[in-house]
Trainee: 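Here it is, the structure in full.
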Amino acid sequence: MKKIHVLVVDDSAVARKTLADVLASDRGIVVVGTAPDPYIAAEKIRQRMPDVITLDVEMPRMDGITFLKRLMSQHPVPVVICSSLTGAGTETALRALEYGAVEIISKPRLGAKEYLEESRERICEAVRAASVANVRKLSVPALAVAQKLTADAVMPVAAYSPARSLTHTTDKVVAVGASTGGTEALRQFLEALPLDAPGMVIVQHMPEHFTTAFANRLNASCRITVKEAANGDSVIRGRALIAPGNKHILLKVSGAKYFVEVTDGPLVCRHRPSVDVLFRSVARNAGKNAVGVIMTGMGDDGAQGLKEMHAAGALTIAQDEATCIIFGMPKEAIRQGAVRKVLPLDAIADGVVRACGNDGQANDQGGERWR
């Protein structure tokens, strides 16, 4: 089996050594070098192109975001951000994902050595996922979108609020699950939705504290309202609720009203929030009035839950391989017979809206774009 060659870039000597040791403990990973800043990293890349780079953000001479932007516009390589990002730093991390980073590992400012050692499995899994990621050269339009989102993120929510239809419930519900590569896939999907799109509940595998900033950025760029879910939030037309990091989210129903429950609980499929937890609750409480969408990501989270939705009569959709960064979660759902339609990313929003129609339940008479 081919070894994964990794370059570790971090200005902290302790973090460099700890990360190198953690990665080297995986028999499928070889650390081919370390660098204390992007300039030295660039020289090492010229000598030998790694399969994956782990990259800190706060570094001397050139910050990690600038380096990432240049790297992805010239010589794309899978990048895992590993940095001390909390609070305002989450905006920086989200920008890194928009510029092409595959995954984010958040480390504390204090006790980073112990944290990295304890997170050995997650770090190695992130690098393995990155090594098979379908990274693409960052184009000028993509860069412009990322920069626009950075500017729009400071716009008040009210700027988009007055015309939204947020006062009516709907008995049509869309449940979406995504992981690696999902932040950009979700952005494209949600930005394509009309103002009166069906109510949605979303699980994106993401560290705690990141989902608030992620939801706010999406809210600034989408016609629908996007917010981090709070316990008891109603699922209503024109709004998407994103599960908070480190919390499970379930769909509940009371009469004609759908709402969410945000709760603690054990890891499911190694994740919290888990896509399976959401999908299973949707199968039980929405049945044939639901649409399930599984997007790019590594692993099998969501496959079993989507199968339960399919069995309950819901329309189930998977993102196709060509447009996935990682064709893991959709592939497993397809393998298990949980998927009725396979669509490219740019067709999913239209497919969801058409599928929900106006008859009160999801259907698969979605028109010419189904395939």
Side-chain angles (χ1 to χ4, degrees), residues 1-36 38 40-42 44-45 47-57 59 64-65 67-68 71-72 75-85 93-94 96-97 99-108 112-136 178-184 204-207 210 267 269-271 296-301 324-329 331-332:
M1 192 171 178
K2 184 178 180 294
K3 302 281 188 178
I4 302 168
H5 296 158
V6 181
L7 174 66
V8 176
V9 185
D10 197 303
D11 66 321
S12 165
V14 172
R16 287 198 305 276
K17 184 178 188 313
T18 304
L19 263 177
D21 290 345
V22 163
L23 293 169
S25 70
D26 188 303
R27 288 183 295 179
I29 298 174
V30 176
V31 177
V32 294
T34 64
I40 295 175
K44 296 202 171 188
I45 290 169
Q47 295 170 6
R48 179 176 187 173
M49 178 64 75
D51 299 313
V52 178
I53 295 173
T54 68
L55 179 64
D56 191 12
V57 170
M59 290 182 292
I65 298 299
F67 177 61
L68 174 68
L71 187 67
M72 297 306 289
H75 305 290
V77 61
V79 172
V80 174
I81 297 293
C82 189
S83 190
S84 303
L85 296 165
L94 292 174
L97 291 171
Y99 289 157
V102 174
E103 189 60 274
I104 289 181
I105 303 292
S106 180
K107 65 184 181 186
K113 181 177 186 295
E114 293 76 12
Y115 178 84
L116 291 172
E117 289 172 344
E118 291 171 0
S119 303
R120 181 182 308 270
E121 184 177 343
R122 180 164 179 261
I123 292 167
C124 292
E125 181 181 22
V127 166
R128 287 193 296 271
S131 71
V132 296
N134 182 22
V135 294
R136 302 174 179 87
S179 187
T180 309
T183 54
E184 275 300 281
Q204 163 68 49
H205 295 157
M206 186 173 278
F210 278 66
L267 300 179
C269 291
R270 304 179 305 283
H271 294 287
T296 175
M298 183 178 184
D300 60 359
D301 188 26
C324 279
I325 296 296
I326 302 283
F327 190 56
M329 286 164 48
K331 181 179 180 179
E332 180 60 21

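Just so it is clear, the model here is predicted, and its values are computed rather than measured.
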Trainee: Please give me the minimum heavy-atom distance between I326 and A133, naming the atom from each residue.
Mentor: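 Closest approach of I326 to A133: CD1-CA, 3.5 Å.
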
Trainee: Quick one: CG on L23 to CZ on R120, what's the gap to the nearest 0.5 Å?
Mentor: 9.0 Å

Trainee: Does D51 have any salt bridge (charged side-chain N to carboxylate O under 4.0 Å, His left out) partners at least two apart in sequence or in another chain, and if so, which?
Mentor: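 Result, salt bridge (charged side-chain N to carboxylate O under 4.0 Å, His left out) vs D51: K2.
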
Trainee: How close do A126 and I105 get, heavy atom to heavy atom, and via which atoms?
Mentor: CB-CD1, 4.1 Å

Trainee: The criterion is side-chain contact (heavy atoms from CB on, under 4.5 Å); which residues satisfy it with P36, sequence neighbours excluded?
Mentor: R16, I40

Trainee: Going by the rule side-chain hydrogen bond (donor to acceptor under 3.5 Å, both in side chains), which residues pair with N134 if we only count those two or more places apart in sequence or in a different chain?
Mentor: none

Trainee: Who are the side-chain hydrogen bond (donor to acceptor under 3.5 Å, both in side chains) partners of K3, not counting sequence neighbours?
Mentor: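 Here no residue qualifies.
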
Trainee: Just to verify, what does S179 make a side-chain contact (heavy atoms from CB on, under 4.5 Å) with, not counting sequence neighbours?
Mentor: H205, M329

Trainee: For M206 and L94, which heavy atoms make the closest approach, and how far apart are they?
Mentor: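 So the two residues come closest at CE-CD2, 4.1 Å.
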
Trainee: Taking all non-hydrogen atoms of both residues, which atom of L7 and which atom of A41 are closest, and how far apart?
Mentor: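 Closest pair (atom of L7, atom of A41, distance): CD2-O, 4.0 Å.
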
Trainee: For the side chain to side chain contact (heavy atoms under 4.5 Å, CB included) test, which of I81, L68, I104, D11 pairs with V57?
Mentor: I81

Trainee: With V77, which residues qualify under side-chain contact (heavy atoms from CB on, under 4.5 Å), at least two apart?
Mentor: M49, I53, L71, V79

Trainee: Check whether T296 reaches the backbone of G182 with its side chain - one donor and one acceptor, N or O, closer than 3.5 Å.
Mentor: no

Trainee: Under the side-chain hydrogen bond (donor to acceptor under 3.5 Å, both in side chains) rule, collect the residues that match up with R48, sequence neighbours excluded.
Mentor: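 H5.
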
Trainee: Supply the atom-to-atom distance I45 CD1 to H75 NE2, rounded to the nearest 0.5 angstrom.
Mentor: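 It is 9.0 Å, given to the nearest 0.5 Å.
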
Trainee: Indicate the atoms forming the closest heavy-atom contact of V31 with A20, along with that distance.
Mentor: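 Result for this residue pair: CG2-O, 3.6 Å.
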
Trainee: Could you grab the distance from atom NE2 of H271 to atom CD of Q204, nearest 0.5 Å is fine?
Mentor: 10.0 Å

Trainee: Which residues pass the salt bridge (charged side-chain N to carboxylate O under 4.0 Å, His left out) test with R270, not counting sequence neighbours?
Mentor: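 R270 satisfies salt bridge (charged side-chain N to carboxylate O under 4.0 Å, His left out) with E125 once adjacent residues are dropped.
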
Trainee: Let me confirm one number: the CG-SG distance from L55 to C82, rounded to the nearest 0.5 Å.
Mentor: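 Here the rounded value is 9.5 Å.
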
Trainee: Which value, rounded to the nearest 0.5 Å, describes the distance between T183 atom OG1 and L97 atom CG?
Mentor: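 Answer rounded to 0.5 Å: 4.0 Å.
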
Trainee: For D10, check salt bridge (charged side-chain N to carboxylate O under 4.0 Å, His left out) against everything at least two apart and list the hits.
Mentor: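 D10 satisfies salt bridge (charged side-chain N to carboxylate O under 4.0 Å, His left out) with K107 only.
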
Trainee: Do S83 and D56 have side chains that approach each other closer than 4.5 Å (heavy atoms only, starting at C-beta)?
Mentor: yes

Trainee: Return the set of residues passing side-chain contact (heavy atoms from CB on, under 4.5 Å) with P38 (not counting sequence neighbours), or none when no residue passes.
Mentor: M59, M62, F67

Trainee: Identify, with sequence neighbours excluded, every residue that meets salt bridge (charged side-chain N to carboxylate O under 4.0 Å, His left out) alongside R128.
Mentor: D26

Trainee: Can you name the residues that form a side-chain hydrogen bond (donor to acceptor under 3.5 Å, both in side chains) with D300, not counting sequence neighbours?
Mentor: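 D300 satisfies side-chain hydrogen bond (donor to acceptor under 3.5 Å, both in side chains) with no other residue.
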
